[in-house]
Protein chains: 2
Amino acid sequence: MAAARGLYAKGVVKRAEILETALQVVAEEGYSGATVKQIADAVGLSQTGMLHYFGSKDALFREILRRRDEINYASFGDPDHPPAEPINHFVDLIRHNAMVPGLVQLYSRLSNESAEPAHPSHDYFQERYELSRQIGRTVLERLQADDRIPPDLDPAQLAVLLAALSDGLQTQWMYDQSLDMAAHIEYFLRLIGLQPEASPPPAESKGRSGDGRRRSRAPRR
Amino acid sequence: MAAARGLYAKGVVKRAEILETALQVVAEEGYSGATVKQIADAVGLSQTGMLHYFGSKDALFREILRRRDEINYASFGDPDHPPAEPINHFVDLIRHNAMVPGLVQLYSRLSNESAEPAHPSHDYFQERYELSRQIGRTVLERLQADDRIPPDLDPAQLAVLLAALSDGLQTQWMYDQSLDMAAHIEYFLRLIGLQPEASPPPAESKGRSGDGRRRSRAPRR
DNA sequence: GTCTATATTGAGATAGAC
DNA sequence: GTCTATCTCAATATAGAC
């Protein structure tokens, strides 16, 4: 009945170990280096030996991306315990992406290849998109409650736009790494009138002066 | 020396014929149906017979997308002779995309798969992105000159955002066809304060009344 | 649990006849 | 110019030994 847990302790550890290595291989070697064989070699297992832990190539790569999300959430904000300034963390995450071209490529390709309903990773990505939009919406509602973006904006629609921008900027960036993804997201945030976080609670009611809300435009690019 | 032109008249016609058929196959059968064999069957040629006109699968698919752009430009605005209202044509094009899922998928996949510098279609997409941004920038500058978007916006940055939105919305749409891509683009355009086209030139200075520029928010979704 | 070795599949490229 | 038939190649899945 161990199948109920699905994995023995040792398997769990090994699995995790494989994912860490795979993540590194992809990040370093790029998407082309991301073949089952390459990863198996890096882990020091045979192809079959490694696939045993995941079942198939698709499942393995799906898990790589899942693991990456986990790491990103940990570094850039856990959805259950959102950081103090989630919108900055989002921008940081975008900025971080520019350091790991291989992972960006892996994500872009898989998310597009899995679009067909019959694809084994279809449901994973579908849910992931729903989740991103939901997180985005929550964060934006929070900003709205804090009076940092105008009350007439629709957080749900903005969340869709942010998710689209994130994906679309990555594609353009892959063709031109001089494009500054984070700067473009920041430009968008300024467009919607995002106000900087008010310094904690200093005596003076600072940062919310009577200048309405439209601020200076983006400087870059 | 016929190689200078590269093609005989008959070849040119056949080529065009193949592309039209291929376009239909992809649009109808989806990306999965877009195998060399499937297209060759639909055209009534053998795989080799057909590939003879293009050289390779990559080149064929690249040409399919190129031909599609041609058709879209013709229907939705030629870049050399921009239509009276290019921004509406852009939105129309997005709306039109929702009618041809197979082509959207083909485009999304190829544009992501070709991101590696070594890929045969890399240059094609790289140039296509540059061109889209350039067209976008020109259109936005025009809107700015006509006082239909605020003067402090940066057309170049907005062009990048529009291209990213277009791509990113398509990806999300593939996972949820109830997402209205055109409506989201329109929402973005309202966000940046786009004013409706002034009715040609009626005596009354209408449509540019003193309401500043921020208009009502998007209604949908 | 892990390996080696093999099978299978699928696509695309090529050669040479008609 | 076009077809038939064949080849190569890569990649993943599977069978069965240790």
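These values consider heavy atoms only, across backbone and side chains, with no hydrogens, waters or symmetry-generated copies. The structure displayed is predicted, hence computed values, not measured ones.
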Please determine whether the number of non-hydrogen atoms from other residues, nucleotides or ligands lying under 6.0 Å from atom NE2 of H52(A) exceeds 12.
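12 or below, so no.
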
Which letter, B, S or -, goes with each nucleotide of nucleotides 4-10 of chain D from 5' to 3', with contact meaning a protein heavy atom under 4.0 Å?
BB-----

List the residues meeting side chain to side chain contact (heavy atoms under 4.5 Å, CB included) with A27(B), not counting sequence neighbours, and say none if there are none.
V100(B), L103(B)

Interatomic distance where [atom1] belongs to [X] and [atom2] belongs to [N] [whole Å]:
{"X": "M50(A)", "N": "dA13(D)", "atom1": "CE", "atom2": "C1'", "value": "13 Å"}
{"X": "F54(A)", "N": "dG1(C)", "atom1": "CZ", "atom2": "C1'", "value": "15 Å"}
{"X": "K57(B)", "N": "dG10(C)", "atom1": "NZ", "atom2": "P", "value": "14 Å"}
{"X": "L60(A)", "N": "dA13(D)", "atom1": "CG", "atom2": "C1'", "value": "14 Å"}
{"X": "H52(A)", "N": "dG16(D)", "atom1": "NE2", "atom2": "C1'", "value": "14 Å"}
{"X": "L51(A)", "N": "dT14(D)", "atom1": "CG", "atom2": "P", "value": "10 Å"}
{"X": "I18(B)", "N": "dG1(D)", "atom1": "CD1", "atom2": "P", "value": "12 Å"}

[X]: side chain to side chain donor-acceptor pair (under 3.5 Å) partners, not counting sequence neighbours:
{"X": "N112(A)", "answer": "T171(B)"}
{"X": "D41(B)", "answer": "K37(B)"}
{"X": "E70(A)", "answer": "R67(A)"}

Heavy-atom distance under 4.5 Å between the side chains of Y187(A) and D154(B), does that happen here?
yes

Are F54(A) and L19(A) packed together at the side-chain level, in the sense that at least one heavy-atom pair is separated by less than 4.5 angstrom?
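Sidechains of L19(A) and F54(A): in contact.
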
Of the nucleotides dC3(C), dG1(C), dT12(D), which one has an atom closest to the side chain of L45(A)?
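Among the listed nucleotides, the one closest to the side chain of L45(A) is dC3(C).
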
Out of the candidates E85(B), E186(B), H96(B), only one should pair with V91(B) under the side chain to side chain contact (heavy atoms under 4.5 Å, CB included) rule; please name it.
E186(B)

To the nearest 0.5 Å, atom CD of E141(B) lies from atom CD1 of I149(B) at 9.0 Å

Can you list, in residue-number order, the parts of residues 34-42 of chain A that come under 4.0 Å of DNA chain D, counting heavy atoms only?
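The answer is T35(A), V36(A).
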
